[in-house]
Structure formats: C-alpha cells, structure tokens
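In this chain, residues are counted from 1 in sequence order. Note that this is a predicted model, so its numbers are computed, not measured.
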Amino acid sequence: MAALGNRGTVTEASGFNPDEDAQKLRNAMKGAGTDEAAIIEIVAHRTIAQRQKIKEAFKKSVGKELLDCLKSELTGSFEKVVVGLMMPAPVYDAYELRNAIKGAGTEEACLIDILASRSNSEIKEIIATYKKEHDKSLEDDVCGDTSGMFQRVLVSLLSAGRDESTKVDETQAVQDAKDIYEAGEARWGTDEVKFLTVLCVRNRNHLLRVFEEYQKISGRDIEDSIKREMSGCLEDAFLAIVKCMKNKQAFFAERLYKSMKGLGTTDSVLIRIMVARAEIDMLDIKSEFLKMYGKTLHSFIKGDTSGDYRKILLELCGGEKCVGVLA
C-alpha cells in the first residue's frame, strides 16, 4: 500500500506550520468578504493529516471550529469541496454515505462508488466512523433505504468479508465462471445470488482469472453479460465491482468522465472522487482518463466548471500534464 500512497496529486507541504496556516485562514475569513484564493492555497496543498493539525491550531487560537467558520463563509460546490477536504478519509466517506441516504430518495451511485471500491479495513473504519458520527448503524440505514438484490449486494460488501489474499484456486475459478454462466447467460432469468457469491467474496487475482475463463465459456466479456442480465442499481453495483477489480483507477476515470460529459455536471460524483482520491491515486486516474478519452482530466474540469469551484478542483487535479504519460 505504501507505494500507492505517492500516487496522489496532493502531497505533504514542506516547512508546514499549522499555526501559521490557521492564522492565514482566519485572515481570509475576517471582515467583509472572503479571500477564496488564500483558502484554496492552503486547503488544496496540505495532506489530510496536515489539515487536521490546522483544525486543532485554529480551534486553539480562535476558539471556534474551523469547519463551522468555513461553512458560514462559503457556499455551493466550492464549499462542498473545502468541507470534504477538511475531513479524514473515513469521516468523509461516512458523511457522503449519510447524505446519500437521508432526505428524499437515495443517491445509489454514492453507495456503489464507495462500497465497491474500498478495502475491507477501509469499510470497517467507515462503519465504525458512521456509528460514532451519526449514532446509527450504516447497515441498518442502507437496509432501510434499499431493497431486493441490490440491498443484498450492499450488505455483502458492508460485511467486509472479501478474501484479500492473492492466491488463485484454478479449479475454483473455472467452477465460478461456469456457475456465473449457468446463473445468467445459459438460462431463462438470472440467479443473481450466484453472481453475488463470486463477485462480492473472491479476491482480485482470482476474479481476474474467473473473468478470463468466463470469456472462454460464454464468448462474452463479463461486463456485457451483466448488462444483458441485470438492470438498474443492481447492474450498476455488479459493474462497479467488476471494474474496480479490473482497474480501480480506470473505474474512477470513467465515473469522472460521465459526471461531466453531456449537459450539466453531476457535481456530487465529481466532488466525491476528486476529494477522496486526491491523496491516493489521482495521478493514475489522470493517466487512465487520458488513455480512455484522449483528453486530459484537467481540460474536462476546466471546460465544465467555473469560479472558485473550478480553481480548487484544478489544484486537486494537479497540472495539465500526466506524470509518466505523454500529454
């Protein structure tokens, strides 16, 4: 995991002084008007760990919660990005899940994006944080807001029981591929439980082998079969799991692309991925984006957003060039 840690566009600021940063943020918010540029300059160029230290320093020197001050000064999508950046990763994920569930309707995309892409330990941390922050059980909330097979997939992912070893059981992989084929393409109707058992439980290397074998047996890519056999949220959930197993950064690149192409922007998706991945694998997401769409993520964000919202997203995206890729 350590190697992955340096694939983010946001890295530790050298010569970091939390007291100084807290003072600068205070000045940016003091009096009439807000100095958004000063806020971007600090927030987008510090790691999550550094931002927590700034929050402590701010509380100590100003006697107020930094987050509350930011919320009262900022608005709209820009506020959402800044507020998200100030939270530790599991707190942000729990916060996003809570917002996706509460209120009218559920933002299923949020549940899928987060639960299909996080590791067992990350999911356990999200569950614990959710309980602590919202005094509710994440599983109960998810169950209260979803139904049917889609709910069962989410509950399975929430159990954080995926095998995370790297071993491939050749006989089992062939059997799994056959089971999925017989549960879908080979019959009238679909036995979704078989898909769940394989896709939500097996480890990544094993699944990649299952997908190869599946292609041989059925003559189709597993993704095509899921699209033919399922619909709605269940289809989205299974596709997300398959895509994350094949290439998690390509999955996020596609989500970003779809959040911006066409009319209007799905800001919730754009913000969530930019905030959550900035420190983890944004460099790889950018290079996948370029490979898949022939345009840079930077140029897409630039063309699709405006104002301070655009400025902070571009900082999180890092430069126009993709490191290690000809841009």
Side-chain angles (χ1 to χ4, degrees), residues 108-120 122-123 146 148-170 172-187 189-259 269 272-273 276-277 280-281 284-285 288-289 291-293:
E108 287 88 2
C110 173
L111 303 180
I112 295 167
D113 281 357
I114 293 176
L115 299 179
S117 65
R118 305 298 192 256
S119 67
N120 288 346
E122 285 170 334
I123 286 175
T146 56
M149 204 61 210
F150 176 54
Q151 180 191 87
R152 289 169 69 174
V153 171
L154 296 178
V155 168
S156 175
L157 294 174
L158 279 169
S159 72
R162 184 181 295 286
D163 168 19
E164 287 186 335
S165 71
T166 52
K167 62 176 190 291
V168 178
D169 177 337
E170 198 51 50
Q172 184 67 57
V174 173
Q175 188 58 49
D176 283 345
K178 215 157 93 198
D179 284 350
I180 294 183
Y181 177 63
E182 283 165 7
E185 291 283 357
R187 58 175 279 171
T190 309
D191 176 4
E192 291 108 344
V193 179
K194 281 279 195 294
F195 279 81
L196 184 154
T197 307
V198 176
L199 294 178
C200 296
V201 180
R202 309 282 190 252
N203 74 57
R204 178 170 182 261
N205 288 2
H206 181 91
L207 281 174
L208 294 177
R209 185 69 197 87
V210 172
F211 302 157
E212 272 175 27
E213 200 53 42
Y214 184 86
Q215 177 92 39
K216 268 189 225 161
I217 301 173
S218 69
R220 274 183 213 289
D221 185 86
I222 180 82
E223 289 179 40
D224 291 336
S225 286
I226 290 171
K227 285 176 192 160
R228 284 163 56 97
E229 296 293 320
M230 325 257 177
S231 63
C233 300
L234 183 62
E235 177 191 339
D236 293 341
F238 279 140
L239 282 177
I241 294 167
V242 169
K243 286 172 180 176
C244 283
M245 288 298 151
K246 287 184 177 177
N247 181 335
K248 197 181 285 187
Q249 289 70 38
F251 167 72
F252 285 124
E254 183 189 2
R255 297 289 291 130
L256 286 168
Y257 176 75
K258 285 185 170 163
S259 78
V269 175
R272 185 165 53 245
I273 296 173
R277 309 311 293 186
I280 302 173
D281 50 7
D284 298 322
I285 292 170
E288 289 295 339
F289 193 97
K291 227 187 291 177
M292 291 159 74
Y293 304 110

Check whether any side-chain heavy atom of [X] sits under 4.5 Å from a side-chain heavy atom of [Y], and report yes or no.
X	Y	value
R272	I114	yes
Q215	D221	yes
E192	V153	no
K194	D191	yes

Sequence-distant partners of [X], salt bridge (charged side-chain N to carboxylate O under 4.0 Å, His left out), two or more places apart:
X	answer
K243	E254
E164	none
R277	D281

Which atom of [X] lies closest to which atom of [Y], heavy atoms considered:
X	Y	value
R118	A276	NH2-CB, 3.9 Å
L208	M245	CD2-O, 3.8 Å
A253	E288	CB-CB, 4.1 Å
H206	A173	CE1-N, 3.4 Å
A240	I112	CB-CG2, 3.4 Å
A250	M292	O-CE, 3.6 Å

- Not counting sequence neighbours, which residues clear side chain to side chain donor-acceptor pair (under 3.5 Å) with S119? List them please. S121, E122
For the [atom1] atom of [X] and the [atom2] atom of [Y], what is their distance to the nearest 0.5 Å?
X	Y	atom1	atom2	result
L158	Q151	CG	CD	10.5 Å
F211	S225	CZ	OG	11.5 Å
L154	C200	CG	SG	8.5 Å
F238	M230	CZ	CE	5.0 Å
L234	F150	CG	CZ	8.0 Å
K178	S218	NZ	OG	14.0 Å

- Could you tell me how the ring of Y257 sits relative to the ring of Y293: parallel (under 30°), tilted (30 to 60°) or perpendicular (over 60°)? parallel
- Item | Pairing residues for K167 by the side-chain contact (heavy atoms from CB on, under 4.5 Å) criterion, not counting sequence neighbours | S165
Side chain to side chain contact (heavy atoms under 4.5 Å, CB included) partner of [X], chosen from [options]:
X	options	answer
R162	V201, I123, L207	L207
I241	D236, L199, L196	L199
I180	T197, I217, V198	V198

- Item | ring-ring contact (aromatic ring centres under 6.0 Å, His included) partners for F251, two or more places apart | none
- Task: Apply the side chain to side chain donor-acceptor pair (under 3.5 Å) test between R202 and each candidate in D163, D176, D169; give the one that qualifies.
- Result: D176
- Message: Whether the side chain of S117 engages the backbone of D113 through a donor-acceptor N/O pair (distance < 3.5 Å, no angle test) should be reported.
- Response: yes
- Would you find more than 12 non-hydrogen atoms of other residues, nucleotides or ligands less than 6.0 Å from K246 atom NZ? yes
- Message: Evaluate V269 against K258 for side chain to side chain contact (heavy atoms under 4.5 Å, CB included), listing each step before the verdict.
- Response: CA-CA 9 Å; V269 175; K258 285 185 170 163; over 6 Å; no
- Please lay out, stage by stage, how E185 and R220 fare under the test salt bridge (Lys or Arg N to Asp or Glu O under 4.0 Å). CA-CA 10 Å; E185 291 283 357; R220 274 183 213 289; 3.0 Å; yes
- E213/R209 salt bridge by N-O under 4.0 Å criterion: yes
